[in-house]
2 protein chains.
Amino acid sequence: MVDAFFERYRPRLTETAIGLLMPNVKVLHHPKKYELIKANHNSGYAYLLVKGAARSYYLHNGMEINSWFAFENEMVGSLRNYNNLPSRETIELLEDSTLLSFNINGIKPLMAENIEISNFINQVIGEYCLYLEDKLYYTHLRSARERYTALLAQEPNVFRRVPLTYIASFLGISRETLSRLRAK
Amino acid sequence: MVDAFFERYRPRLTETAIGLLMPNVKVLHHPKKYELIKANHNSGYAYLLVKGAARSYYLHNGMEINSWFAFENEMVGSLRNYNNLPSRETIELLEDSTLLSFNINGIKPLMAENIEISNFINQVIGEYCLYLEDKLYYTHLRSARERYTALLAQEPNVFRRVPLTYIASFLGISRETLSRLRAK
DNA sequence: ATGCCCATTTGATTTATGTCACAAAATCAT
DNA sequence: ATGATTTTGTGACATAAATCAAATGGGCAT
């Protein structure tokens, strides 16, 4: 079920590593709007989105600001939770979804005894780190139009599966401006 | 010399780990304006800033955009270089500096054979990742004045040791606007 | 010290984008 | 289906911050 995800990671996890991980992994189904992780809490779990979509948002001046969207085969979770800090964001499903849950407290000790698991997790974090650098690079000092066209080019799925209201705050612009940019 | 830096990391590196690392570490002195890492290149090194200051910048529409500043006891380098990608940024010294250089190609293989080294490097990357999340969180949808006052509160050193011209592009505002914000 | 080159400030003007108000369209629940 | 609620689009206007243009100030090299 999750082969496509794990195959991105090299060297691939051996049976031994997978055997150690399995007791900490569960398959879950949740409906649209279900909150995987709540703001200001430490959930203790990270998730692999097998099927479906999710968003991460936080409140600022009473408004929901969306920080990312995720789809099939992407890892979703709170890096702050992973580091035993409360999440700043709420992670909510945008569609009915199938997920794998990973018990962070169960898996962390395995990193010391199994180098494959350690490498795997560190690769996930390393890729997220590169993603954050890209996001900063492609938004800093860029106009609303540039950010909009970049997102359209790089992640067209977002426009097919996420309401425009959510996309606007993700791009750091008002709903009205996004609407006008789309109207060309 | 670098104790203060290494002490932030737990568990502390043992003699064994340090012995493996040492052949890949050199002490260096370089003058102000020296370029540690050049844009579009893969330097193969990361650095610990023992004494001095550095900035990272990239060109955008012919203008230098500063992405970060670093001071004593901070690691400086290109995450993209670490991942065998060309750096987008040039890293330049802002003051005459003392550094430790780390040979990335020499150290990476050690991560497979020594878990301490692996943990150490992953902790450095993990902390950088949290820093990037914070930076996005504290700049997204915030006004020039909010970003300015946040930087003043969180990293006052920057205003003592970095020219305002550089700080402006780091904050994502024009030099004139920064000047006016300072004038209150 | 002197002069030159940047860095910084200040003023006038322009522009992109936000805000407010409402209309139209789409989605949802009964 | 029907109305109700939410999402998206449009217009008028306000405003933060950019841009352009000088003027002033500071630091560095001779």
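As the structure is a computational prediction, the values presented were derived from the model and not from experiment. Naming convention: chains lettered A, B, ... in sequence-line order (proteins, then strands); numbering from 1 in each chain.
Considering B:L136, B:L79, B:L130 in turn, B:L136 is the only one that fulfils the side-chain contact (heavy atoms from CB on, under 4.5 Å) rule with A:L132. Here the rule is ring-ring contact (aromatic ring centres under 6.0 Å, His included) with A:F159, and of A:Y166, A:F69, A:Y148 only A:Y148 fits it.
First and last contacts of DNA chain C with chain B, using any nucleotide atom under 4.0 Å from a protein heavy atom and ordered 5' to 3', fall at C:dA7 to C:dA12.
B:Y47 pairs by the ring pair (Phe, Tyr, Trp, His ring centres under 6.0 Å) definition with nothing, not counting sequence neighbours.
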In B/S/- notation, 5' to 3', how is nucleotides 23-30 of chain D contacted by protein heavy atoms closer than 4.0 Å? --------
Which atom pairs, one a donor and one an acceptor, fall under 3.5 Å between side chains of residues 18-39 of chain B and the rest of the protein, sequence neighbours left out?
{"residue": "B:H29", "atom": "ND1", "partner": "B:T98", "partner atom": "OG1", "Å": "3.2"}
{"residue": "B:E35", "atom": "OE1", "partner": "B:K38", "partner atom": "NZ", "Å": "3.1"}

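A donor-acceptor contact shorter than 3.5 Å links the side chain of B:N103 to the backbone of B:N105. Under the 3.5 Å distance criterion, the side-chain polar atoms of A:R80 are matched with a main-chain donor or acceptor of A:P86.
Annotation for A:R142: atom CZ counts as buried by contact number, over 12 foreign heavy atoms lying within 6.0 Å.
Annotation: proximity of residues 167-184 of chain B to DNA chain D (heavy atom, distance under 4.0 Å) is found for B:G172, B:I173, B:S174, B:E176, B:T177, B:R180, numbered in ascending order. Non-hydrogen atoms lying under 4.0 Å from DNA chain D are contributed by B:S143, B:A144, all within residues 137-163 of chain B.
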Worked check of side-chain hydrogen bond (donor to acceptor under 3.5 Å, both in side chains) between B:E133 and A:Y128: CA-CA 10 Å; B:E133 266 200 350; A:Y128 178 55; 2.5 Å; yes
B:S179 vs B:E176, test: side-chain hydrogen bond (donor to acceptor under 3.5 Å, both in side chains). Steps then yes/no. CA-CA 5 Å; B:S179 176; B:E176 293 91 332; over 6 Å; no
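Between B:E155 and B:R161, no side-chain nitrogen of the basic residue sits less than 4.0 Å from a carboxylate oxygen of the acidic one, so the salt-bridge criterion is not met. The pair B:R55-B:E95 fails the salt-bridge criterion, with no side-chain N (NZ, NE, NH1 or NH2) lying under 4.0 Å from an Asp/Glu carboxylate O.
For B:Y57 and B:F170, the ring centers are positioned 6.0 Å apart or more.
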